[in-house]
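Positions are given from 1, in the same order as the sequence printed here. Values in this document were obtained by computation on a predicted structure and should not be read as measured data.
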Amino acid sequence: MIQQSKPLVLSLAVASCFISAPTFAGADNSSDNAVADVLITATRQVQAAKDVLADNVVINAEQIMKSGATSIVDLLQQQRGIEISRTGGAGSVSSIFIRGAANAQSVVFVDGVRIGSSTLGGATWSSIPLSQIERIEIVYGPLSSLYGADAMGGVIQLFTKKSGPKARTSLSFGVGSEGLRKWEAGVFGSSENDFQYGFNTARESTDGFSASKPGAGTYTYNPDRDGYTQKSFNGNLSWKIATDVNVGVNFVQSTLDVDFDAGLGYRDRGQQKFDNMVSFIRTKLASNWNSSLQFARTNDRVFSDASYGKSQADTKQSGWTWQNDVSLGKDVLQFIVEDRKEDVRTDTKGLGGKRDTRSFAVAYVLKSDAHQASLSARQDDSSQYGKHNTGSLAYGYHLSDVLRVNASYGTSFRAPTFNELYYPGYGVASNKPEVGKNAEIGLYYDDAVTQISAVYYDNKITDLLVNTSPCPVEKATHLYGCAFNVNKARLSGFTVGASTKVAQFNLRATVDIQDPKDETTGKRLARRAKQHASFGIDYRMSDLSLGLETVLSNERFDDAANKIRLAGYGIVNLVATYQVAANWSILGRWNNIANKDYELAKNYRTPGSNFYLGLNYGFK
C-alpha cells in the first residue's frame, strides 16, 4: 500500500473564483490599473494583503511561472514557516508542516473547496498539479473559527487558472533531468454579455530515480527507477445573468500514476486521483449585503498494487456553504452556514463510514483610522464527535502609514481521522478532537519597496493523538499500541520574512526559529527542525531575469523518540528567464547545483543536481 501519510484583473479573477467571497462593490473588471495584492483566505472576504491581521504570504501567477518549480511542495518549501517531508521524488508521498503543525493539522482549499483524505488527514499533496494553479495564499495560525476542524497550524488556498476580461492562449513545453517531459495548453476568454470561460490541460512524466536507499531494509529498498505520470485538466465557466447576479462552475481533475518501493522483485505502483467541482451563485440582497451560495464536491482516491497486496481508500466530501457579508461603513459583518459530508470507502474491513458536520459562524472586521480588529466565532456539530466551539480575536494598530503592530488569540481543533477511530488494531472509536490555543504578536512594515514581518507565536495543543503502547483501552485487538489522546504539544517560535528592491535587484529572506515539542515526552516532533531559512536574489534587466535561491535547515529527527537523526542541509538553485518575443519566453532552472545528498525522510532519496528547460507562450 502507498504510504499515505497583478494587477486588478488578477485580483478580480481570484475574487470571482472563490465563491464564498463577496464581489467588489462597484469594481470595474475592464480596468488594467495595478493594485496591491489582495487576500481572501484570512477573513473569507477580499482585503488588501497589507491590511490583513493574520500572518500571510501570497504567491502570484508570475512568481509561480518564473520559479520554474515542478511541484507545489517544492514551491512551498521556500516559504517562511513551512517545512516539508517526502519519500522520494516529486510524485511521492509528501507532507507540509506549517509552523511545526502536522500535515493533518492544517487545511487546504482549492477554489474555496476543502480537499484532503479523511483516513489519513490532510491534503494528498502529490496528487495536486502545480500546472493548474495560478495563485496560492498561505495564512498562518489557527483559523478554526472560520473554517472548522483541522485549521490549527494554518490554511493554504490554491486558486486554479481562470479566465479574465481579455482572451488569451497559453502553451508550455519543457524537458528536464531523469527523463522529465511536460506540456501544458490553455485557452481563456470572455464575451460581451459577461460570459467567461477558461480551460487548461497538462501532462508531465519522468523516469525518476530510486526512491529508497539500501538502509531502508529488505521490505522497502528496491534499486529500480520510481517515475510518475500525471495528467490534469481544469475548467471554469461563469455568467453574469443580471446586474447583481453571477453564477458559475469551477472544476479540476488530476490522475497520478506513480512507482514506489516496497522491496525487491515487484514493481510497486499506485494511482492517486483528485477531482474537485464547485457551482456557485453570488448576488446582492441589498446595497450593502453580498450573499453567496456554493455547492461542492471533491474526491481523494488512493489505490496501490504492491508486493504485499492491493489496497484502496477513497474519500468523498460534499456539501454547501451560504455566506453573507454586510458592509457597515468601513466594517463588515459576516455570517456563514455550512454543511459538509465525508464518505470513506476502503477495502479495509471496519474502516469505512460517514460523518456529517453542520457549522455556523459569525465574524466582524473593523477598520477605524489607526485601529483594526477582527472577531470570529464558530460552532461545528459533527455526527461523529459532537459539538465543538472555537473563537478568534485580533487587533492591529498602525504606528505609522507603513508600520503596524498586531496581537491575536485563537482556539482551534483537529477532528480524529477515520484511521485514528476505526483502523483495525490501531483506532479507538472514543478518541476525541485535539484542541489548540494560540497567542501571537507581530510587527509589519510595508512602504511598497520594502516589506518586513516579524511574528512570535505560541500554540499549545492538548489531547494530542499519538500512537501509544500499551494501548490504554483494554482490547485484545490492540496488541501493538493504538491512537489515543494522551499527549500535549507546544508549537512556539519566531518567524521573520523580508523583501526589498535595490536598483534592478529583488532581495528576499525568511528565517524561522522554532521549538515544535511533544510536551508529554519532552521530545521534538518528528521531521521538524529548530531552525530553517531561505534566501533569494533576482536580477532583472530588459528581457532577462536571473535568480538564485537557497533553502537551509538544521537537523531533524525521523521518529518520535528522537533516536533517528536526519542531518541538516542546504541547497542552492539557479533560475533564468528570457523574453524572446512579445508572448514567448524561455525558462531554465538548475536545482541543487552542488549535488547535495540530503534526506527529508530517513533512507529515502531526494533529487540530486538536476535541470529543467521550458518554452512558454502567453504566460503572464
Distance col, row F251:CZ vs N234:CG, nearest 0.5 angstrom, shows 7.0 Å
For the rings on Y457 and Y140, is their centre-to-centre separation under 6.0 Å?
no
According to side chain to side chain contact (heavy atoms under 4.5 Å, CB included), who are the partners of Y445, at least two apart in sequence or on a separate chain?
V402, L403, D447, T450, I452
Short N-O contact, D512 and R99, less than 4.0 angstrom
no
F233 and F199 aromatic ring geometry - parallel, tilted or perpendicular at 30°/60° bounds
parallel
Measuring centre to centre across the rings, with the benzene-like ring taken for any Trp, is W584 within less than 6.0 Å of Y617?
yes
Charged N to carboxylate O under 4.0 angstrom, D558 versus R527?
yes
Taking the six-membered ring of F188, is NZ or CZ of R168 closer than 6.0 Å to its centre and within 45° of its axis?
yes
E178 bridged to R605 by N-O distance under 4.0 Å:
no
Do D538 and R508 meet the salt-bridge criterion of a basic N to acidic O distance under 4.0 Å?
yes
Output yes when R269 and D305 qualify as a salt bridge under the 4.0 Å nitrogen-oxygen rule, no when they do not.
yes
Charged N to carboxylate O under 4.0 angstrom, D347 versus K310?
no
Within the 4.5 Å heavy-atom criterion, are I593 and L574 side-chain neighbours or not?
yes
Below 30° counts as parallel, above 60° as perpendicular, anything between as tilted: where do the rings of Y147 and F109 land?
tilted
Check the surroundings of atom NZ in K517: do more than 12 heavy atoms from other residues, nucleotides or ligands lie under 6.0 Å from it?
no
Do the side chains of E83 and R528 get close enough for a salt bridge, i.e. N-O under 4.0 angstrom?
no
